[in-house]
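To find a chain, count down the sequence lines: A is the first, B the second, and so on, and within it residues start at 1.
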Number of protein chains: 2
Amino acid sequence: MTSAKQRRHQGVLEILRETGKATVNELGMRLGVTEMTIRRDLEMLENDGVLQRFHGGAKLAFGSSYEPPFPVREKINADRKRLIGERVASLIDDGDAIILDGGSTGLAVAEVLVDREVTVCPLSLRVAWAFARSSTVNLIMPGGSVRPAELSLSGADTIDYLRGHHFDAYVMTASGISLQHGFTEWNADDAAVKKAAVGVADRVVAAVDSSKMNRVGFVKICGIDVPAAIVTDAEMSAEDLNHLRNQAEDVIVAG
Amino acid sequence: MTSAKQRRHQGVLEILRETGKATVNELGMRLGVTEMTIRRDLEMLENDGVLQRFHGGAKLAFGSSYEPPFPVREKINADRKRLIGERVASLIDDGDAIILDGGSTGLAVAEVLVDREVTVCPLSLRVAWAFARSSTVNLIMPGGSVRPAELSLSGADTIDYLRGHHFDAYVMTASGISLQHGFTEWNADDAAVKKAAVGVADRVVAAVDSSKMNRVGFVKICGIDVPAAIVTDAEMSAEDLNHLRNQAEDVIVAG
DNA sequence: TCATTCGAACAGAAATAATGTTTGAATTGA
DNA sequence: TCAATTCAAACATTATTTCTGTTCGAATGA
């Protein structure tokens with residue numbers, strides 16, 4: 001269940017996306033709360049680096065030309081990501097041992113898995129932290145170096161660790177998915193880890209939101225037909241879905 | 001502030017320490033709550049590995065004393081721990097690669113190291129998270145399973161990882177320090193990891209606040225003379241300090 | 001078998017978090 | 001500089017969550 005506060009935060013971001021900026025008073029009016037509440041919201045969102053406050057109101061923190069940093073991606077399209085997370089989690093059985101990728105989509109999956117009885121090996125410190133206070137999840141960490149910003153685990157140690165173990169499933173995310181080039185990743189270190197993960201898991205479940213479609217990263221992870229299931233959101237175009245379904249094992253639209 | 005539940009958990013453990021074991025009914029009577037509440041407490045404490053339930057009651061898992069949970073320890077003596085943290089950090093050179101123990105003292109060291117140029121291999125997820133937003137620290141994770149509550153990393157994978165690497169220093173914490181028994185730890189898994197860490201680091205720096213003095217845990221980590229330096233706080237008694245200085249390489253009082 | 005213990009499901013109580021109000025300080029623009 | 005506005009601390013009030021007790025059918029063990 002999403003709390004009133006979370007919905008309101010999404011509302012603030014939505015309004016800012018429409019108009020670029022907004023006053024505290026305006027936000028309070030449109031969302032039906034007092035200015036003080038809006039101020040507290042803005043303070044939190046600014047701490048997350050999602051927006052920038054100015055005297056009287058706030059504006060979005062990033063320009064449209066750069067890819068927004070993690071805290072921002074995490075908040076944007078939170079609803080769609082949550083749906084993907086729930087759908088992916090439904091493909092995991094209690095008792096399974098899984099590898100769980102990092103990124104905002106991986107985190108969405110983690111949030112659903114927190115109350116499940118599963119063994120999780122996260123490929124990101126951020127995802128690991130999401131399980132920290134879970135009493136049901138058996139958390140195991142792969143070794144390796146932590147890449148700043150994304151907090152993903154990579155390097156020879158990570159790959160060695162994966163090769164030394166076996167998992168029921170690998171919940172994979174990627175920078176891009178394309179019919180021609182399959183699943184791809186911008187960061188070469190992360191891609192190497194993902195390739196190793198594909199190799200040590202019985203089955204692969206890909207979780208990619210529609211914004212990744214037809215984007216191609218630098219390094220190929222695996223082909224379209226490798227995952228037993230590809231879970232995406234309802235914004236995926238009908239055309240793309242058809243093409244995917246021709247080549248992939250199973251394509252699931254969450255929501 | 002300690003919650004009623006925390007006090008009651010301590011009470012359960014205290015009673016068990018007196019008598020070795022106790023019935024659910026007995027615990028409920030003495031602590032002034034219903035049996036259902038005791039059952040829920042026992043379930044949680046069993047999950048933490050502190051005690052073992054049997055039909056009708058529970059007994060201690062080891063014949064052990066039990067430390068207050070992390071959030072409590074973290075707050076207790078926060079100032080003294082910070083001083084210890086600063087002093088320990090001054091013994092680490094820029095560029096060093098170190099292993100950093102978990103626990104509240106380890107976290108205090110981490111908070112000081114956050115802005116330093118060092119490579120850190122933390123033995124706890126909680127300590128790792130403290131470095132997550134550091135741009136100067138090169139963070140590397142050991143593999144292994146994450147123990148609930150403490151979030152420490154342990155098991156064969158952790159030990160394998162440490163044995164496969166080499167470090168300039170190991171910042172060690174412990175459950176107890178005593179002249180006769182050296183450094184000791186309550187949890188056997190953690191102790192095994194600590195022993196391995198001692199073996200792969202050029203030098204060991206022990207960070208132990210005065211409350212650990214003359215307490216003896218279940219498993220021995222190493223002798224008093226192993227660390228190149230023992231850092232403690234000003235509450236350590238003059239007598240204990242003298243005894244320590246006779247046996248240890250170097251004893252430093254922070255503050 | 002039969003007394004006892006266990007734990008799920010629900011209800012009420014206690015504790016915590018979120019929001020609104022008031023107020024005086026800080027900021028802005030004329 | 002002032003006057004108007006915005007800001008945020010402190011407290012009051014309201015929601016929400018967590019905790020505890022109760023009941024009751026299932027599980028346990030002598």
Rounded distance in Å - CE (B:M44) to C1' (D:dT18)
10 Å
Toward the 5' end of DNA chain C, by each residue's nearest nucleotide, A:R8 or B:F54:
B:F54
Mind calculating the distance between CE (B:M36) and P (D:dC19) to the nearest angstrom?
14 Å
Modelled atom types, side-chain donor and acceptor of B:S152 and B:D190, under 3.5 Å
yes
Nucleotide D:dA15, atom C1' - distance to CD of A:Q6 in whole Å:
15 Å
Go through the side-chain N and O atoms of B:D115 and B:T136 and say whether any donor and acceptor fall under 3.5 Å apart.
no
Check this one for me: any side-chain N or O of B:T34 less than 4.0 Å away from OP1 or OP2 of D:dG21?
yes
Is there a side chain to side chain contact (heavy atoms under 4.5 Å, CB included) between B:K212 and B:T232 once you walk through the steps?
CA-CA 10 Å; B:K212 309 288 169 56; B:T232 187; over 6 Å; no
Can you tell which of D:dT20, C:dG20, C:dA18 lies closest to the side chain of B:T37?
D:dT20
Taking atom CZ of A:F167 and atom CG of A:D96, what is their separation to the nearest 0.5 Å?
11.5 Å
Using only side-chain N and O atoms of A:R40, determine if any of them is under 4.0 Å from OP1 or OP2 of D:dA9.
no
Among B:D41, B:I15, B:T37, which one satisfies side chain to side chain contact (heavy atoms under 4.5 Å, CB included) with B:L31?
B:I15
Distance check: side-chain N/O of A:R39 vs OP1/OP2 of C:dT21, anything under 4.0 Å?
no
Quickly work out the A:R7 CZ to C:dA18 P distance and round it to whole Å.
14 Å
Whole angstroms only, please: what is the CZ-C1' distance between B:R53 and D:dG29?
16 Å
Just to be sure I understand the rule, does B:G57 reach a base, reach only the sugar-phosphate, or reach nothing, if contact means heavy atoms closer than 4.0 Å?
sugar-phosphate
Length of the line joining B:L27:CG and C:dC6:P, which is rounded to integer Å:
11 Å
Would you mind telling me which residue lines up with the more 5' stretch of DNA chain D, A:E43 or B:A4, judged by nearest nucleotide?
A:E43
Here the distance between atom P of D:dC7 and atom CG of A:N25, to the nearest Å, is 10 Å
Would you mind reading off the distance between A:H55 atom NE2 and D:dA4 atom P, rounded to a whole angstrom?
15 Å
